[in-house]
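Quick note on labels: first sequence line is chain A, next is B, and so on, each numbered from 1.
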Protein chains: 2
Amino acid sequence: MNLNPRPADAAPAAHDRIYRTLRTRIMQGDLSPGQPMTLRGIGRDYGVSMTPAREAVRRLVAEGALTLSSSGRISTPELSNERIEELAALRALIEVELASRALPRAHMALIERLQTINTAVAEAVAHRDAVSYIRTNLEFHRTLYLRAQAPAMLAMAETVWLQLGPTMRALYGKLRKTEPPQFHRLIIAALRAGDEPGLRLAVRSDVTQGLRMLAS
Amino acid sequence: MNLNPRPADAAPAAHDRIYRTLRTRIMQGDLSPGQPMTLRGIGRDYGVSMTPAREAVRRLVAEGALTLSSSGRISTPELSNERIEELAALRALIEVELASRALPRAHMALIERLQTINTAVAEAVAHRDAVSYIRTNLEFHRTLYLRAQAPAMLAMAETVWLQLGPTMRALYGKLRKTEPPQFHRLIIAALRAGDEPGLRLAVRSDVTQGLRMLAS
DNA sequence: GTGTTGCAGGTGTGATCACAAAAATGGCTT
DNA sequence: AAGCCATTTTTGTGATCACACCTGCAACAC
């Protein structure tokens, strides 16, 4: 029985909380590709019944963050190489545009924040912490793209990130590189110089860089 | 081993049927922007309880085909001008890329099919039938983009169409033009000539053409 | 006339149950 | 040992219900 009312400014609906938590975890690579889940298990984890878990899962499936087997079983997606390539191309398309739109609005304060985030990225790379790397890397990009004032485009880019989340975890987890992100510095330099072609090239290079590691 | 997981003649899940039907209707402009709906009403329409209606609505909300008010009420979205502009820019980005990828695989049979569809588009315009125009226009574009062999990109484009569906109905419903689609002919001509820059320009023009009508 | 209040119907949310189908299990035969 | 079949357990689906809240709307006070 629900005796606890829900004021508009207080706790959000349970299904929304589950959705947001799972979405963040998937996007940041907390889950491996092909990891199975169950509605009852999710509900148990969050102390609710299957109903809100079902709604959260349904939303995530619609965004491509989870996949359903032919019998309805839930799991994180295992992407084919063709699909990874496609999603990387989508990232390049959308994120280059977002960066280009953010450029005229990028002031010094933003550039400094990007540099701060970038040191965290470099630290995550040095510690070989795949999850931290993915999280800070996404934060770097999102901080830049927020300046574009294009919420629909940003949502599209986040949907692509979401679909790539588990796969990126698997890729970066196997990787053994320790070099700091070079293209992030190029992005910052192009922002500071107001160089739009350079910015577009730097973003495109940074986005497609991850794809190259797949070929090996 | 599982020899027969899902027979072809077996009925799909109810929530999936509702989802697909509503999605098609929204994408084709069958519903006006801001049109309210209820879970019980949808369930009544399809002869089921609220449960499958809820799951279908949840999926559509996740794709941006429906919006929830702060109190959870369901309605088709009413887009701001800024958002329409953004979605049109996304269409241009993604669909130009799809057309470009489809170009090397476009053989004569495809071009003839596009011409056939285009006559249907012209007929819908002549009859001032907004819903038929939207449906045949989408069929024209989808037929071309299917040749790109890029399902993730096509899904992205369809998500944008979905969000624009009700708004396009409202726009084209008010419109009083009778001229046949000029840019479709340019697209076909560029395909026949193998002219990639011309194709990209024609697709971009066709996609952003609808935006211009909004300014008036 | 205009703004306010109270009430009734409707709405989304979440819990619980029944059911069918799919996996997992365990015992059996070969 | 390895493969196979029957049984049990688990899982998603859909129906139904209780509940809190929102929305209209009518009656009322000023």
With side chains defined as the heavy atoms from C-beta onward, is the minimum distance between I26(B) and P166(B) less than 4.5 Å? yes
Could you tell me whether the side chain of H141(B) reaches within less than 4.5 Å of the side chain of W161(B), counting heavy atoms only? yes
For Q35(A), enumerate each residue passing the side chain to side chain contact (heavy atoms under 4.5 Å, CB included) test, keeping only those at least two apart in sequence or located in another chain. L31(A), S32(A), T76(A)
Solution key, residues 86-93 of chain B side-chain donor-acceptor pairs under 3.5 Å, sequence neighbours excluded:
residue, atom, partner, partner atom, Å
E86(B), OE2, A152(A), N, 2.7
E86(B), OE2, M153(A), N, 2.8
R91(B), NE, E95(B), OE2, 2.7
R91(B), NH2, E95(B), OE1, 3.3
R91(B), NH2, E95(B), OE2, 3.3

Length of the line joining I42(B):CD1 and dG12(C):C1', which is rounded to integer Å: 12 Å
Separation of R59(A) atom CZ from dT13(C) atom P, in whole Å? 10 Å
Below 3.5 Å between N/O atoms, which protein atoms pair up with nucleotides 13-15 of chain D? Just atom names and distances, please.
residue, atom, partner, partner atom, Å
dT13(D), OP2, R58(A), NH2, 2.9
dG14(D), OP1, A14(B), N, 2.5
dG14(D), N7, R54(A), NH1, 3.0
dG14(D), N7, R54(A), NH2, 3.1
dG14(D), O6, R54(A), NH2, 3.4
dA15(D), OP2, S49(B), N, 2.8
dA15(D), OP2, S49(B), OG, 2.5
dA15(D), O5', S49(B), OG, 3.4
dA15(D), N7, T51(B), OG1, 2.7

Quick one: list whatever passes side chain to side chain contact (heavy atoms under 4.5 Å, CB included) with R59(A), sequence neighbours left out. D16(A), Y19(A), R58(B), A62(B)
Mind listing the side-chain donor-acceptor pairs of residues 114-123 of chain B below 3.5 Å, one per line with the distance, residues two or more places apart or on another chain?
residue, atom, partner, partner atom, Å
T116(B), OG1, E112(B), O, 3.0
N118(B), OD1, H184(B), ND1, 3.0
T119(B), OG1, T116(B), O, 2.5

Heavy-atom count around R44(A) CZ within 6.0 Å, excluding the residue itself: above 12? no
From CE of M37(B) over to P of dT11(C), roughly how many Å is that when rounded to an integer? 12 Å
Between E97(B) and R101(B), is there a side-chain N and carboxylate O pair less than 4.0 Å apart? yes
What protein N or O atoms touch nucleotides 5-8 of chain D N or O atoms at under 3.5 angstrom, if any, and at what distances?
none

